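Below: one structure, written as structure tokens.
Not measured: the values here are computed from a predicted model. Lettering follows sequence order; numbering is per chain, from 1.
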Amino acid sequence: MLQVAFLRNNLELVKNKLAVKNFTNIQLVDEIIELDEQRKKLQLEFDGTQSKVNTASKEIGQFLAKGEKEKAAIAKQEVATFKTGIQQITEKLNSIEKLLLDNLLQLPNLPSDLVPKGKLPSDNIIVKEGGLIPKLDATAVPHWDLIKKYDLIDFETGAKITGSGFPLYKGKGAKLQRALIQYFLDYNIAAGYTEYLPPFMVNENSAYGTGQLPDKEGQMYFMQADNFYMIPTAEVPLTNIYRDEIVKENSLPIKMTAYTPCFRREAGSFGKDVRGLNRVHQFDKVEIVQIVHPDKSYEILNEMVAHVEQLLKNLNLPYRILKLCGGDMSFASALTFDFEVYSAAQDKWLEVSSVSNFETFQTNRMKIRFKNENGKMQLAHSLNGSSLALPRIVACLLENNQTENGIQIPEILQAYFGSKLID
RNA sequence: GGUGAGAUGGGUGAGUGGCUCAAACCAGUAGUUUGCUAAACUGCCGUACGGGUUAAACUGUACCGAGGGUUCGAAUCCCUCUCUCACCGCCA
């Protein structure tokens, strides 16, 4: 959520930046500033009247202590007239504050200066490519065939138990998940991240804090009886650990990592690219989150990108890094890098990680602050990234490493997986 | 699920209607003094939204788990909810 004072003081800049994100309702900014002016006026009126009530109340107390009942009675009547005024002001103030908040929540985060213009995924900029694209022989098959061949995942039974898009991992397929999770976590811990195992459901406030609410209700599974949402990513519980906290400046950066399953309804996005592991409702992911000093957040974003890149290098997967254009970025992000790996048998790039700087967009909602060296409260910056999302990594590992004798496990995973080959 | 006890500032914790613009202590911080792997003393030490100022000073309002209510006046009384702890029941 953007701050009104910032909007007011940087009106042209804000409008230009919103345009980069292809946000069309630009006049909303002017409306917000106007609403805030009204809010201030009403607040002033309220404060003044309430002040009179407070003074009068004290006087009444003194009159009564002295036994001057008549004076007290007169003062009481006076207060009564103030109170009807206060009631009216409060009603107006409440409705304006609500409207102001509703409007503010509709504004996406401002893109950083580094964000390229553009509307479509094709406008994203490839900033780096790495790894070797394997040359598969003619008998090579997509991962869904390999999954069947080696009996790694039973999609049909998953659908029987729950529904389509809920894979049932089995045997070596299940063990490969466990090996990847374990490796990713160890890798993150070695880089200084603290491991968490958070709740997989969150309440409304948490979903609101990271920006899932309002607006994206439809993307999350909802537990009606208890008002809980299944998490779409570990980002939600992890970042909310520090909601409403004032952290010590010298405790920054705060680095957190967690494995969680992720639940996504993917409403409306089915129809294509959904075979096998390309898109599912429940998947495993290891996430990294940082709460950082605002001066450092872009430096740290680069570090996180390098961190994820090294993970893909360690897995020997061909990858590329994209800098997302304004139109393809998420609502809350100021700058995002996507990672894609090359799925050799599908001849397709698949997104496996997204690393973003949210600047103060989330921390403003969550009130994650620190006291700076001047003793002033300041919002921290938040960042997060996947390291990594498993299904598409598995798809690529299977396809790219298939041989006549079986699927070769990358060296770094062998100790975790317990063998070199799936056969 | 039942019963009971709780929720106060960074921490401990006092406060059952106006003397609390929340005591005291600890931690933090600035200074003074003595001197030296420290002690004593003194001051300062919440957040949000405003007013005010070049900036400060100064100043208004709100906030004692959340939301309502009673009252001229609520941390304090009443109602609802949430959470924590203890015991009981059920249970992996």
Whole-Å distance between [N] [atom2] and [X] [atom1]?
X	N	atom1	atom2	answer
A:Glu78	B:rG73	CD	C1'	15 Å
A:Arg243	B:rC83	CZ	P	13 Å
A:Arg369	B:rC49	CZ	P	8 Å
A:Leu93	B:rU61	CG	C1'	11 Å
A:Glu37	B:rG50	CD	C1'	12 Å
A:Asn205	B:rC83	CG	P	12 Å
A:Phe370	B:rG28	CZ	P	22 Å
A:Leu44	B:rA48	CG	P	19 Å

Considering heavy-atom distances to RNA chain B, does A:Gln43 or A:Gly61 have its closest nucleotide positioned more toward the 5' end? A:Gly61
Return the 5'-most residue of the pair A:Lys248, A:Lys76 with respect to RNA chain B, ranking by each residue's nearest nucleotide. A:Lys248
Which part of the nucleic acid, if any, lies within reach of A:Lys52 when heavy atoms closer than 4.0 Å are counted: base, sugar-phosphate only, or nothing?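 A:Lys52: no heavy atom of the nucleic acid under 4.0 Å.
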By nearest atom, which of the nucleotides [options] is closest to the [X] side chain?
X	options	result
A:Ser51	B:rU47, B:rC49, B:rG60	B:rG60
A:Lys40	B:rG51, B:rU47, B:rG60	B:rG51
A:Phe46	B:rU61, B:rG18, B:rG50	B:rU61
A:Leu64	B:rG73, B:rG50, B:rC72	B:rC72
A:Ile60	B:rG60, B:rG18, B:rG50	B:rG18

For [N], give its Watson-Crick or G-U wobble partner with both distances under 3.5 Å, or none.
N	answer
B:rU70	none
B:rC64	none
B:rU76	none
B:rU16	none
B:rG10	B:rC26
B:rG89	none
B:rC41	B:rG31

Distance check, [atom1] atoms only: [N] and [M], in whole angstrom units.
N	M	atom1	value
B:rU84	B:rU47	C1'	24 Å
B:rA48	B:rG6	C1'	28 Å
B:rU71	B:rU16	C1'	16 Å
B:rG67	B:rC72	P	23 Å
B:rU33	B:rU12	C1'	30 Å
B:rU80	B:rA5	P	15 Å
B:rG18	B:rG28	C1'	34 Å
B:rU59	B:rU53	P	16 Å

Determine: side-chain N/O of [X] to OP1/OP2 of [N], distance under 4.0 Å, yes or no.
X	N	value
A:Lys83	B:rG73	yes
A:Arg39	B:rG50	yes
A:Lys371	B:rU47	yes
A:Asn54	B:rU61	yes

Between A:Asp102 and A:Lys98, does at least one N-O distance fall below 4.0 Å, as a salt bridge requires? yes
In plain terms, say whether A:Glu249 and A:Lys371 are close enough for a salt bridge, that is, a side-chain N and a carboxylate O under 4.0 Å apart.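 Answer for the salt bridge query: no.
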Check: A:Arg39 side chain, A:Glu97 main-chain N or O, donor-acceptor pair, under 3.5 Å: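 Flag not set: sc A:Arg39 to bb A:Glu97 has no pair under 3.5 Å.
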Is the gap between the ring centers of [X] and [Y] under 6.0 Å?
X	Y	result
A:Phe166	A:Phe155	no
A:His293	A:Phe370	yes
A:His143	A:Tyr150	no

Nearest 0.5 Å, please: how far is CG in A:Leu197 from OH in A:Tyr259? 8.5 Å
Would you please test A:Tyr221 and A:His281 for side chain to side chain donor-acceptor pair (under 3.5 Å) and show each step? CA-CA 10 Å; A:Tyr221 290 96; A:His281 288 306; 3.3 Å; yes
